[in-house]
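Every number for a ligand or one of its atoms is a count from 1 in the order of the listing.
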Amino acid sequence: MSAEPIVLQTRGLTLSFGGLHVLSGLDFTMHRGERHAVIGPNGAGKSTFVALVSGLLRPNAGQVLLEGRDVTRATANERVAAGLVRTFQINTLFATLSPLQSVVLALCQRDGVARPSLRAIVHCRPQIEEGAALLERFGLLDDAHLPTQTLPYGRQRVLEVVLAYALRPRVLLLDEPAAGLTTAQGHALFEQVATLTEGTAVLFIEHDMNLVFGYAQRVSVFAGGSVLASGTPDEMRSHEGVQKAYLGH
Ligand SMILES: Nc1ncnc2c1ncn2[C@@H]1O[C@H](COP(=O)(O)OP(=O)(O)O)[C@@H](O)[C@H]1O
Ligand SMILES: [Mg+2]
């Protein structure tokens with residue numbers, strides 16, 4: 001087990017849609033600064049789990065604890081303020097903005113600056129400097145002033161991670177961040193995710209086992225609405241139940 005304190009925990013998380021039991025008493029633990037992959041077959045409940053943790057859905061039973069604090073009843077916005085942040089696909093609004101405009105708006109939100117109009121963000125000096133530094137770090141500085149919708153898809157996906165990371169999360173939730181990317185783009189994205197500072201724990205759902213075993217420090221395997229097994233990548237690779245249920249050996 002990790003010596004780091006627990007940053008995110010769920011206890012007995014349960015959710016049904018009508019008669020369909022999606023999560024059945026799911027217990028999950030993640031430690032500070034960890035990169036933690038969640039894997040499992042399609043329909044295992046992985047995305048539903050992220051929706052429950054981020055507050056988009058409410059469980060029928062069970063708890064979500066962030067650094068020991070019960071946030072089960074907190075709204076999604078309250079969880080963001082507490083440091084629990086998920087990525088969102090860039091929507092039509094952000095698609096017309098430049099990466100720099102989007103990241104400055106995110107930083108103003110984080111810093112509690114009253115939401116500035118697009119014209120007024122030129123006055124947000126500290127946020128512009130920090131935003132430019134973030135874009136540079138993630139290889140997006142050359143694209144900083146272009147409409148986001150004109151960027152290659154791979155870079156739009158990187159920007160989604162940057163916008164979430166700009167909020168300085170304690171826990172960053174990534175649901176299939178490499179979906180739709182080429183193998184090389186997926187590795188490039190995870191190379192960047194791997195540089196995120198120790199203060200941010202990253203939970204990611206991923207199907208590509210090269211990315212899972214290449215970048216995760218811990219792996220949890222979901223099956224049938226609960227955690228089948230959780231451990232180091234090596235432990236999961238050699239776990240008989242995991243091989244049978246998921247890895248197809
Ligand atoms: N809003 C919803 N209404 C009804 N069923 C849903 C809803 N969202 C997900 N499900 C069902 O819950 C199960 C788990 O889905 P999901 O969490 O998306 O799985 P995963 O991300 O592991 O592939 C699936 O059977 C899916 O059809
Ligand atoms: Mg999913």
Atom 26 (C) of ligand 1 touched by protein heavy atom at under 4.0 Å: no
Candidate with minimal heavy-atom separation from atom 6 (C) of ligand 1, of F17, F222, F49: F17
R170 side, atom CZ; M30 side, atom CE - distance, nearest 0.5 Å: 11.5 Å
Mutual orientation of the aromatic rings belonging to F28 and H36 [parallel < 30°, tilted 30-60°, perpendicular > 60°]: tilted
Proximal candidate to atom 16 (P) of ligand 1 [heavy atom criterion; set L23, V50, T48, V38]: T48
Protein heavy atom at shortest distance from atom 23 (O) of ligand 1: G43 N, 2.8 Å
Residue T48, metal the Mg ion (ligand 2), N/O/S under 2.8 Å: no
Donor-acceptor contact below 3.5 Å, side chain Q156 vs main chain L151: yes
Subset of ligand 1 atoms that lie under 4.0 Å from at least one heavy atom of S47: 17 (O), 18 (O), 20 (P), 21 (O)
Under 3.5 Å side-chain donor-acceptor pair for T232 and D234: no
Y215 ring center near F204 ring center (under 6.0 Å): no
Subset of ligand 1 atoms that lie under 4.0 Å from at least one heavy atom of N42: 23 (O)
Cluster overlap V103 with V193, hydrophobic side-chain contacts below 4.5 Å: yes
Under-4.0 Å heavy-atom contact with ligand 1, by part of L20 that carries it: side chain
Interfacing atoms of ligand 1 (cut-off 4.0 Å, heavy-atom, V22): 12 (O), 13 (C), 14 (C)
pair K46-H207: side-chain heavy atoms closer than 4.5 Å: yes
Atom 19 (O) of ligand 1 within contact range, any protein heavy atom under 4.0 Å: yes
